[in-house]
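What you see is a predicted model, and the numbers here were worked out from it, not measured in a lab.
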Amino acid sequence: MAKKIWFSKPLARQWDIYLKNYKYYHENVERFFNRMLQKLNNPFQGWQNNQLNTFVWSLWYFDATKKMLHLYFVDKSLKEFLENVPLADLDGISKYIDENGLITDQGILQLKYFPFGIHIPYENKYKAFAFGLMNNQFNQMVLSWAVENGGAWCSELNYKELLEKDTEEAKEITKIFRLAINTIAYMEAFPECVKEGVPEFVKEPTEDNSITLEIAEKVLEPIQQSESGKIISPHFRKGYYKRLSSDFYKNKKGQIIFVSETMVNGKAKTVYTTERIKDIDSL
């Protein structure tokens with residue numbers, strides 16, 4: 001008998017609250033969302049908590065109005081890989097958001113916003129991340145996210161500052177930031193791994209804005225045989241993502257690629273090199 005597969009569910013707590021409320025009051029999405037924002041805008045909690053609550057429930061609203069992209073990872077190891085790929089080209093990803101994000105009103109400003117959620121196999125449904133990525137008025141990326149009962153945010157500047165700290169909180173936030181940014185880069189770099197709809201073994205209704213992410217062979221080391229004769233399972237390559245911005249690339253200008261640092265059988269697999277390649281692990 002095949003092992004049952006389950007997935008984490010972005011914004012599960014917020015959906016629990018809405019569905020419980022709907023059972024008694026039958027409020028539509030628009031009315032419920034506006035009422036929640038008014039309820040959570042508490043002057044005694046401070047502007048930061050109010051702003052965070054707005055971020056979290058705005059993510060729910062994007063989901064409820066079918067504007068959030070749902071990503072199903074076919075393998076949990078893909079999440080672990082993306083959490084640890086260093087960010088070497090934040091400017092390139094920022095340009096991608098400008099070109100592909102939704103327009104959202106932020107007060108008097110209109111900014112590009114990219115909302116998406118990640119479903120991970122064999123993970124508690126409440127531990128799923130819902131992300132909102134935007135470029136603010138200072139042309140810096142800002143990531144907001146919801147997970148379990150709460151959420152947080154981190155700007156591009158905050159991320160770089162946290163890299164210099166050796167606390168558990170700093171490590172966790174930078175890991176989340178890399179997961180979000182690298183997930184977008186991965187989809188662009190490996191379009192052949194992006195499949196329409198949910199995985200075939202998922203029993204949930206298929207949403208129009210759901211896709212499945214498979215593992216690209218290009219990010220895996222080849223299967224090897226050890227001296228003892230045992231087969232060594234493939235593992236993920238070290239590398240990073242880069243957006244091609246130079247006119248030198250002609251047909252591929254504007255694309256995001258995965259840059260591998262490894263060499264296999266004496267042949268370089270690196271698409272792009274830099275003098276700072278040995279310092280990549282610190283980014």
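Here the straight-line distance linking atom CG of Asp16 with atom NZ of Lys9 works out to 7.5 Å at 0.5 Å rounding. Here the straight-line distance linking atom CD1 of Ile211 with atom CG of Leu69 works out to 4.5 Å at 0.5 Å rounding. Interatomic distance, Phe73 CZ to Ile215 CD1, rounded to the nearest 0.5 Å: 9.5 Å.
The minimum heavy-atom distance linking Tyr61 with Glu30 is given by the pair OH-OE1, 2.6 Å.
Counting only distance, with no hydrogens or angles, the side chain of Tyr186 and the backbone of Ala216 share a donor-acceptor pair below 3.5 Å. Using modelled atom types, one side-chain atom of Asn182 and one backbone atom of Arg178 make a donor-acceptor pair closer than 3.5 Å. Looking only at distances, no side-chain donor or acceptor of Lys67 sits under 3.5 Å from a matching main-chain atom of Phe62. Arg237 contributes a side-chain N or O that, together with a main-chain N or O of Lys218, makes up a donor-acceptor pair within less than 3.5 Å. A distance-only check finds a donor-acceptor pair linking the side chain of His119 to the backbone of Ser8 [under 3.5 Å]. Remark: the backbone N or O of Trp153 is not paired with any side-chain donor or acceptor of Ser144 at under 3.5 angstrom. The backbone N or O of Met68 sits less than 3.5 Å from a side-chain atom of Asn209, completing a donor-acceptor pair. Between the side chain of Thr212 and the backbone N or O of Gly197 there is at least one donor-acceptor pair closer than 3.5 Å.
For CD of Glu217, the number of neighbouring non-hydrogen atoms (other residues, nucleotides, ligands) closer than 6.0 Å is 12 at most. Asp166 CG: 12 or fewer foreign heavy atoms inside a 6.0 Å radius. Heavy-atom neighbours of Glu192 CD from other residues, nucleotides or ligands within 6.0 Å: above the threshold of 12. Few gaps surround NZ on Lys195; more than 12 heavy atoms of other groups in view lie less than 6.0 Å from it.
Note on Phe258 and Val74: separate hydrophobic clusters, where clusters join Ile, Leu, Val, Met, Phe, Trp and Tyr whose side-chain heavy atoms are under 4.5 Å apart, directly or indirectly.
Aromatic ring centres of Phe177 and Trp145 lie farther apart than the 6.0 Å criterion allows.
For Glu99, the salt bridge (Lys or Arg N to Asp or Glu O under 4.0 Å) partners are Arg243, not counting sequence neighbours. Annotation: salt bridge (Lys or Arg N to Asp or Glu O under 4.0 Å) contacts of Lys165 (sequence neighbours excluded): none.
The aromatic rings of Tyr22 and Tyr18 sit tilted relative to each other, their planes meeting at an angle between 30° and 60°.
Inter-residue side-chain proximity for Met36 and Asn21 is flagged as unmet; no heavy-atom pair is nearer than 4.5 Å.
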Would Thr183 and Phe131 satisfy side chain to side chain contact (heavy atoms under 4.5 Å, CB included), going step by step from the backbone distance to the final call? CA-CA 11 Å; Thr183 296; Phe131 292 114; 5.9 Å; no
